[in-house]
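Atoms considered below: every heavy atom in the structure, side chains included; atoms not considered: hydrogens, waters and symmetry mates.
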Amino acid sequence: MKKLGNPDFQEEIFFNRESFTSLVIENPVFYRQVRTMLHDQCLGDPGKFVFFDGDKEKPLSKAFYLIENPLHLDLDEKKLNLLLQKDIASHVTVTQKEEYQILLSKIGEYIRSISYDSPVPVEFDYEMTLSTFLKSMSVSAMEEENSFLESLLNQIRRISVLLGISLFAFVGLEDLLTIEERQAFVHGMWSQECDFFFLSSHAPKVKIQEEKVIVIDSDLAELSY
């Protein structure tokens, strides 16, 4: 069982494929403190949040991906594209490796042909690795024209596959989704083997079936439903 705890909270947040948690903090000062702490711990700083995967404690920086602005994900595109290129290169077959060597030979021949009259001699690296070649070709994830929800789930899939992270925290996402979209988002995340929780300063107007809400009110009293 995966769970996230904090000594300032009475309840822990559990992660499973039957329910998800919306953590609502109505006290502005405490909400700000929790957001800052969550942000800092996801970057590797110490803090009060404690995450357990079974009996093993793991740092948030190794387990969680925090999305503070769902409308614009601040992704390290260079790092993700490099990981994508390495992932592609690691899955080629023997035949594809042989075809790649043939391709390099043809590229080398082409470079020799266009540089024949060059006053400066040129050379070509016939030992270039496939991942380096893919990087030189600017191979990256395809950008598709999708709805907001589809684009978000696609980005989550990319983060999960390439970074090996399957736990996400979303700040303010519920405000951006209709009830139907929230339900689709929940099942979309679970279908990608990803778990998550929402963090907000106010409770959702409508709680969907799979949702558990933990509220810390303006007086710091805690309740759940």
Side-chain angles (χ1 to χ4, degrees), residues 1-17 19-77 79-80 148 152-153 155-160 162-177 182 185-186 188-190 192-204 207-208 210-225:
M1 175 69 72
K2 298 176 182 178
K3 62 181 181 180
L4 179 68
N6 186 311
D8 292 332
F9 305 150
Q10 296 174 14
E11 292 203 49
E12 296 173 314
I13 296 175
F14 292 93
F15 301 95
N16 55 63
R17 301 295 153 75
S19 65
F20 72 95
T21 298
S22 288
L23 176 60
V24 178
I25 303 176
E26 296 177 342
N27 182 291
V29 174
F30 190 48
Y31 175 69
R32 186 168 66 243
Q33 291 172 347
V34 169
R35 274 195 61 171
T36 300
M37 186 189 305
L38 189 61
H39 172 88
D40 292 347
Q41 284 194 244
C42 284
L43 292 178
D45 292 344
K48 293 183 178 180
F49 280 104
V50 181
F51 173 71
F52 280 92
D53 186 353
D55 296 329
K56 186 176 181 181
E57 181 179 347
K58 293 184 178 180
L60 264 64
S61 59
K62 301 295 184 181
F64 271 88
Y65 197 97
L66 175 63
I67 296 180
E68 298 184 271
N69 183 3
L71 288 172
H72 178 71
L73 274 63
D74 186 18
L75 304 179
D76 187 341
E77 293 291 348
K79 178 180 180 179
L80 288 173
F148 167 71
L152 180 59
L153 286 171
Q155 294 285 47
I156 297 303
R157 182 185 303 111
R158 186 157 69 111
I159 294 169
S160 178
L162 298 177
L163 297 181
I165 291 177
S166 60
L167 290 168
F168 294 82
F170 296 91
V171 177
L173 179 57
E174 285 190 298
D175 292 336
L176 305 175
L177 301 176
R182 281 161 59 196
F185 175 80
V186 170
M189 289 290 288
W190 288 345
Q192 295 176 180
E193 302 295 318
C194 293
D195 291 305
F196 64 96
F197 75 95
F198 290 153
L199 175 62
S200 178
S201 61
H202 54 274
K207 185 176 83 72
I208 63 176
E210 301 90 346
E211 186 172 18
K212 175 183 179 180
V213 181
I214 299 175
V215 178
I216 300 176
D217 67 18
S218 57
D219 296 320
L220 300 182
E222 183 173 332
L223 61 94
S224 63
Y225 59 93

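Summarising the geometry, atom OG belonging to Ser200 is positioned 14.0 Å from atom CZ belonging to Phe170; distances are rounded to the nearest 0.5 Å. Atom CG of Leu73 sits about 6.0 Å away from atom CD of Gln155, to the nearest 0.5 Å. The CG atom of Leu80 lies 5.0 Å from the CZ atom of Arg158; values are rounded to the nearest 0.5 Å. With rounding to the nearest 0.5 angstrom, the CZ atom of Arg157 is 11.0 Å from the CG atom of Leu152. With rounding to the nearest 0.5 angstrom, the CD atom of Gln41 is 12.5 Å from the CZ atom of Phe51. Atoms CE and CZ, from Met1 and Phe15 in turn, are 11.0 Å apart once rounded to the nearest 0.5 Å.
Here the shortest heavy-atom pairing between Ala203 and Tyr225 reads CB-OH, 3.7 Å. For the pair Ala63 and Leu167, the tightest heavy-atom approach, listed with the atom from each and the gap, is O-CB, 3.3 Å. Nearest approach of Pro204 to Glu211, heavy atoms of both residues: CG-OE2, 3.6 Å. In terms of heavy-atom proximity, Gly188 sits nearest to Leu153 at C-CD2, 4.0 Å. When all heavy atoms of Ile216 and Leu220 are compared, the pair lying nearest together is CG2-CA, 3.8 Å. Considering every non-hydrogen atom in both Asn27 and Ser218, the closest pair reads ND2-O, 2.8 Å.
For the ring-ring contact (aromatic ring centres under 6.0 Å, His included) with Phe20, the lone residue among Phe168, Phe198, Phe197 that qualifies is Phe198. The side chain to side chain contact (heavy atoms under 4.5 Å, CB included) test with Pro70 is passed by exactly one of Val171, Leu173, Asp175, Leu177: Leu173.
Around atom CG of Asp74, no more than 12 heavy atoms belonging to other residues, nucleotides or ligands sit under 6.0 Å away. More than 12 heavy atoms of other shown residues, nucleotides or ligands fall within 6.0 angstrom of atom NZ in Lys207.
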Starting from the C-alpha separation in whole Å, work towards a yes-or-no answer on side chain to side chain contact (heavy atoms under 4.5 Å, CB included) for Leu38 and Leu60. CA-CA 8 Å; Leu38 189 61; Leu60 264 64; 3.7 Å; yes
Please report the C-alpha distance between Val34 and Phe9 in whole Å, then the side-chain angles of each, then the deciding distance to 0.1 Å, and finally whether the side chain to side chain contact (heavy atoms under 4.5 Å, CB included) criterion is met. CA-CA 11 Å; Val34 169; Phe9 305 150; 4.1 Å; yes
Worked check of side chain to side chain contact (heavy atoms under 4.5 Å, CB included) between Phe185 and Arg182: CA-CA 5 Å; Phe185 175 80; Arg182 281 161 59 196; 5.5 Å; no
Check step by step if side chain to side chain contact (heavy atoms under 4.5 Å, CB included) holds for Asp195 and Trp190. CA-CA 7 Å; Asp195 291 305; Trp190 288 345; 3.8 Å; yes
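One side chain, Ser22 or Glu174, offers a donor N or O that lies under 3.5 Å from an acceptor on the other.
A search for salt bridge (charged side-chain N to carboxylate O under 4.0 Å, His left out) contacts involving Glu193 returns Arg17, not counting sequence neighbours. Among residues two or more places apart in sequence or in another chain, the side chain to side chain donor-acceptor pair (under 3.5 Å) test is passed with Glu222 by none. Here Glu26 pairs with nothing under the side chain to side chain donor-acceptor pair (under 3.5 Å) rule; sequence neighbours left out.
A side-chain donor-acceptor contact under 3.5 Å links Ser160 to the backbone of Ile165. Remark: the backbone N or O of Asp219 is paired with a side-chain donor or acceptor of Asp217 at under 3.5 angstrom.
The shortest distance between side-chain heavy atoms of Leu75 and Tyr65 falls below 4.5 Å. Contact of the Ile13 side chain with the Asn6 side chain is not registered, since no non-hydrogen atoms from C-beta on lie closer than 4.5 Å. Within the 4.5 Å cutoff, the side chain of Ile67 has no heavy atoms near those of the Phe196 side chain. Under the 4.5 Å side-chain criterion, counting only non-hydrogen atoms from C-beta, Leu66 is not in contact with Leu43. For the pair Asp8 and Gln33, the minimum side-chain heavy-atom distance is 4.5 Å or more. The shortest side-chain heavy-atom distance between Arg32 and Arg35 does not fall under the 4.5 Å cut-off.
A distance of 6.0 Å or more separates the ring centres of Phe49 and Phe64.
The pair Glu11-Lys3 does not count as a salt bridge, with every side-chain nitrogen at least 4.0 angstrom from each carboxylate oxygen.
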